[in-house]
Amino acid sequence: MSVNAKVVIVGCGISGIAAAHKLVNAGFQHVRILEATARSGGRIKTGTFGDNIVEIGAHWIHGATEENPVFCLARQFGLLDPEALTPENQGVDVEVNPHWASNFFSSSGRKLNAEDIFPAEQLFYELIYESSKCESQGGETWACVGDFIRSEAEQQAAKKWTDIDAATRCLRLCVISNMLKLECCFNGAHSMDEVSLGAYGRYKTLPGQDCTFPGGYEGLVKSLMSELPTDLVTYNRPVRCVHWNNTEKKENSVMIECDDEKIDADHVIVTVPLGYLKKHHSTLFSPHLPQHKLHSVERLGFGTTNVIYVEFDSPWWDAECENIYLVWEDEDGMVDQVPDVQRSWIKKLFGFTVLKPTERYGHVLCGWIAGHESEYMETLSEQEVTHTMTQLIRRFKGNPSITPRRVLRSQWFHDPWTCGSYSYPGIGCSAQDLENMIEPLPTNGSLLQPLQVLFAGEATHPCYFSTVHGALLTGWREADRLISHYSSISTSNDLKG
Ligand code: 6YU
């Protein structure tokens, strides 16, 4: 098939690249990507930290298995470690409480005893699992995951933890606070009070152990880009407005307006992040998005998760440790929000993942922090962040002389083309909201030229939102939509002929 229709894709993240790939391979002759920044990849962003390669955005292939298209592409391009390719790795069921080797440290400077806190960890994972099964039936007692977990944890703690002293009980509740903060990072939400309980189970995990790209996630982007014509992307070309529904023009139903160029096209695939869409929808589309679509854009959640890398001369954690948790003992109840953000933002950082293997990375930790606390952290100078991280680690390790070699943090909220990290099901959002997000413009039933504006990007995947594989699949989905449209036209022309 050779198709002359002009397709413009807004954004050169993985969804835009995936859409372009499929269209070009299907014979579309006029495909162009307009990217606001000077690089491809969007939220897939690999950086350097001392001698190391580190991920500023996406880290893992969530579910290294045949069902995951990112895993299949990475394997095809030879980008993975041999261990990731083993059948044992692909067979791991991550929904069953993932058990990593962990170290827990407390704000009073002691290393916590695993047996004391294991019941809290276990209870938390049970409640998260239950949350994911709370498919909305309407009229639930709890609207958000946070309230459900707190209330159930209180009740079950009273019932089950009868043989421990008050201090251990209190400590376990502090562990639950810590795990709520971890869950905020995983969801990209400010608080689990902002994540819908009824919609939480919509996110689906894939089987298979998560794995990383030893040479950096951007290797995937580079490999895919190398298969596209070199002039397909125009960089530093932010799209200011998509003019659609143009009743006067006979050809090219869409006009894409940039600062110094106006481009006519038959179709535009918009892949901008939900955070950007929330902020700029009123100027990005002319005419405005229909009301029902706008409401859905507002209801879906989009928050911030950031990373803070810290390197040390030598480790202060156990050799086999994969995750370090920092448990604040002075918090009031099970909380995942910090009351005084400017003074105490650091309390939101739940802990670190240890970069492995040590022979490759040395002694590097990746800290995780979500929410408004994380957004505030972005406004501080590197020196201030380094100072606070140093104080934090000294306090939790109970060693006043530990000094990091260097620190590096991400700043996704202040990235003007992303405005946060990834999407989550906000309170009140329904399956219909996702359908509204995905629906092309003009909407069904219109007599105007169909499929003028299509929508892709992680936030438009019904169950793999917030992931790279979800984003990639949405790019393929919208490309397929155009491919079937033109296949059906050519079939009906053949029949007429
Ligand atoms: C994953 C992971 N991971 C950590 C962190 C982040 C993300 N994700 P893009 O933004 O890439 O592209 C859009 C482009 O558009 C971009 O280039 C813009 O510059 C451009 N643009 C914007 N405006 C424009 C304009 N006006 N004109 C032109 N261009 C414009 N995913 O699989 N594994 O480990 C992580 C992580 C810190 C920030 C992640 C992870 C998310 C992915 O990075 C992300 O989904 C995709 O890259 C998005 O691609 P895209 O094409 O859609 O947009 C209930 C329940 C929930 C449970 N949630 C599960 C959480 C799982 C998330 N994983 C953990 C997070 C980590 C560590």
Side-chain angles (χ1 to χ4, degrees), residues 8-19 33-45 55-63 68 70-71 128 131-132 145 183 185-189 192 195-197 199-206 210-213 217 220-221 233-242 256-259 270-277 279-280 283-284 301 303-307 353 366 368-370 374 410-413 415-426 455-461 463-475:
V8 167
I9 298 168
V10 184
C12 195
I14 196 73
S15 58
I17 297 169
I33 302 182
L34 303 176
E35 166 55 45
T37 69
R39 56 178 286 278
S40 321
R43 281 169 276 172
I44 296 179
K45 188 174 183 186
E55 304 296 357
I56 309 298
H59 278 52
W60 293 283
I61 299 179
H62 287 306
N68 188 332
V70 173
F71 173 72
I128 279 292
S131 304
S132 71
V145 177
E183 207 51 38
C185 287
F186 190 61
N187 285 268
M192 291 310 285
V195 179
S196 158
L197 181 62
Y200 184 72
R202 220 169 276 150
Y203 177 76
K204 298 282 173 253
T205 50
L206 286 168
D210 290 357
C211 68
T212 54
F213 288 79
Y217 226 125
L220 175 70
V221 173
V233 188
T234 311
Y235 294 101
N236 300 310
R237 191 62 52 96
V239 168
R240 299 297 179 194
C241 187
V242 173
I256 294 106
E257 187 184 340
C258 303
D259 289 337
V270 176
T271 79
V272 301
L274 178 63
Y276 182 89
L277 200 55
K279 203 167 168 185
H280 298 288
T283 50
L284 190 60
T304 308
T305 294
N306 274 307
V307 288
T353 41
C366 176
W368 294 94
I369 179 164
S374 163
S410 61
Q411 289 169 296
W412 286 105
F413 183 69
D415 179 323
W417 310 108
T418 309
C419 314
S421 59
Y422 37 87
S423 65
Y424 64 88
F455 295 86
E458 58 84 12
T460 73
H461 197 282
C463 60
Y464 301 141
F465 50 86
S466 72
T467 65
V468 174
H469 54 281
L472 180 118
L473 288 168
T474 64

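One-based numbering, in listed order, for ligands and for the atoms of each. Given the structure is predicted, the values throughout are model-derived calculations rather than measurements. Sequential numbering from 1 along the given sequence is applied to the chain's residues.
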Open item on the list: Pairs of nitrogen or oxygen atoms closer than 3.5 Å, one from Val468 and one from ligand 1: do any exist?
Closed with: yes
Task: Protein residue, atom and distance nearest to atom 53 (O) of ligand 1, heavy-atom basis - done: Arg43 NH2, 3.0 Å
TODO: Go through Leu34 and Thr234 one step at a time and tell me if the side-chain contact (heavy atoms from CB on, under 4.5 Å) criterion holds.
DONE: CA-CA 5 Å; Leu34 303 176; Thr234 311; 4.1 Å; yes
Task: Ser466, Gly470, Ser410: member with heavy atom nearest to atom 41 (C) of ligand 1 - done: Ser466
Open item on the list: I need the atoms of ligand 1 closer than 4.0 Å to a non-hydrogen atom of Gly41, numbered in the order shown.
Closed with: 11 (O)
Task: Ile56, portion touching ligand 1 at heavy-atom distance under 4.0 Å - done: backbone
Task: Top protein contact for atom 25 (C) of ligand 1, by heavy-atom distance - done: Val239 N, 3.7 Å
TODO: Taking Ser410 for its side chain and Asn306 for its backbone only, find out whether a donor-acceptor pair lies under 3.5 Å.
DONE: no
Task: Proximity of Thr305 to ligand 1 by residue part, where a heavy atom lies under 4.0 Å - done: backbone
Open item on the list: Could you check, using the six-membered ring where one of them is a Trp, whether Phe465 and Tyr422 have ring centers closer than 6.0 angstrom?
Closed with: no
Task: Contact atoms of ligand 1, heavy-atom distance to Gly13 under 4.0 Å - done: 11 (O), 12 (O), 14 (C), 17 (O), 51 (O)
Open item on the list: Quick check for you: to the nearest 0.5 Å, what is the distance between Arg240 atom CZ and Leu284 atom CG?
Closed with: 10.0 Å
TODO: Give the contacting part of His62 toward ligand 1: side chain, backbone, both or neither, where contact means a heavy-atom distance below 4.0 Å.
DONE: side chain
- [ ] Have a look at ligand 1 and work out which part of Leu34, if any, has a heavy atom under 4.0 Å from it: side chain, backbone, both or neither.
- [x] backbone
TODO: Using heavy-atom distances, let me know which of Ser15, Ala38, Cys12 sits nearest atom 50 (P) of ligand 1.
DONE: Ser15
Task: Protein heavy-atom partner closest to atom 45 (O) of ligand 1 - residue, atom, separation in Å - done: Thr467 O, 3.1 Å
Task: Close-contact set for ligand 1 against Trp60 heavy atoms, below 4.0 Å - done: 1 (C), 2 (C), 32 (O), 33 (N), 34 (O), 67 (C)
- [ ] Would you indicate whether the side-chain heavy atoms of Leu220 and Ile14 approach each other to under 4.5 Å?
- [x] yes
TODO: Kindly confirm or rule out an N or O of Val10 lying under 3.5 angstrom from an N or O of ligand 1.
DONE: no
Task: Approximate separation, where rounding is to 0.5 Å, of His59 NE2 and Thr212 OG1 - done: 9.0 Å
Task: Those atoms of ligand 1 less than 4.0 Å from some heavy atom in Thr37 - done: 19 (O)
Open item on the list: Donor-acceptor pair, distance only, cut-off 3.5 Å: does the side chain of Arg43 make one with the backbone of Ser421?
Closed with: yes
TODO: Identify, for atom 24 (C) of ligand 1, the protein heavy atom at the shortest distance, and state residue, atom and that distance.
DONE: Val272 CG1, 3.6 Å
TODO: Flag Thr271 as yes when one of its N or O atoms lies below 3.5 Å from any N or O atom of ligand 1, and as no otherwise.
DONE: no
Task: Per-atom contacts of ligand 1 with Pro425, taking only distances under 4.0 Å to non-hydrogen atoms - done: 54 (C)
Task: Close side-chain approach of Val145 and Glu183, heavy atoms under 4.5 Å - done: no
TODO: Starting from atom 19 (O) of ligand 1, find the nearest protein heavy-atom neighbour and note its residue, name and distance.
DONE: Glu35 OE2, 2.7 Å
- [ ] Provide the number and element of each atom of ligand 1 under 4.0 Å from a heavy atom of Gly42.
- [x] 11 (O), 16 (C), 17 (O)
Task: Mode of Trp417 contact toward ligand 1 - side chain, backbone, both, neither (heavy atoms, under 4.0 Å) - done: both
Task: Selection from Gly11, Ala471, Gly57 by shortest heavy-atom distance to atom 14 (C) of ligand 1 - done: Gly11
- [ ] Give the contacting part of Phe413 toward ligand 1: side chain, backbone, both or neither, where contact means a heavy-atom distance below 4.0 Å.
- [x] neither
TODO: Just jot down the ligand 1 atoms closer than 4.0 angstrom to any heavy atom of Tyr200, in number order.
DONE: 54 (C), 55 (C)
Task: Sub-4.0 Å heavy-atom contact, Tyr424 with ligand 1 - done: no
Task: Distance from atom 3 (N) of ligand 1 to nearest protein heavy atom, with residue and atom - done: Ala58 CA, 3.5 Å
TODO: Take the angle between the ring planes of Tyr464 and His461 and call it parallel below 30°, perpendicular above 60°, tilted in between.
DONE: parallel
Task: Check: Ile56 main-chain N/O paired with Trp412 side-chain donor or acceptor under 3.5 Å - done: yes
Task: Close side-chain approach of Tyr217 to Val468, heavy-atom, < 4.5 Å - done: yes
- [ ] Applying side-chain hydrogen bond (donor to acceptor under 3.5 Å, both in side chains) between His62 and each of Asn68, Asp210, Thr467, report the one that passes.
- [x] Asp210
TODO: Would you mind checking which non-hydrogen protein atom is closest to atom 65 (C) of ligand 1, with the distance to 0.1 Å?
DONE: Tyr422 OH, 3.2 Å
Task: Under 4.0 Å to a heavy atom of Trp368 - the qualifying atoms of ligand 1, by number - done: 67 (C)
- [ ] Check whether any side-chain N or O of Thr37 sits under 3.5 Å from a backbone N or O of Arg39 as a donor-acceptor pair, and report yes or no.
- [x] yes
Open item on the list: Applying a heavy-atom cut-off of 4.0 Å, say which part of Phe186 lies close to ligand 1: side chain, backbone, both or neither.
Closed with: both
TODO: Go through the steps to decide whether Leu197 and Ser131 satisfy the test side-chain contact (heavy atoms from CB on, under 4.5 Å), and finish with yes or no.
DONE: CA-CA 6 Å; Leu197 181 62; Ser131 304; 3.8 Å; yes
Open item on the list: Taking Ile369's backbone N and O only, do any of them form a donor-acceptor pair with Ser374's side chain (distance below 3.5 Å, no angle check)?
Closed with: yes
Task: Value rounded to 0.5 Å, distance of OH in Tyr424 from OG1 in Thr305 - done: 10.0 Å
TODO: Could you tell me whether the side chain of Thr474 and the main chain of Gly457 form a donor-acceptor pair under 3.5 Å?
DONE: yes
Open item on the list: For the backbone of Ser466 and the side chain of Glu458, can you confirm whether one donor and one acceptor N or O come within less than 3.5 Å of each other?
Closed with: yes
- [ ] Using distance alone, decide if ligand 1 has a nitrogen or oxygen within less than 3.5 Å of any nitrogen or oxygen in His59.
- [x] yes
TODO: Note the single closest protein heavy atom to atom 30 (C) of ligand 1, along with its residue, its atom name and the distance in Å.
DONE: Ala36 CB, 3.7 Å
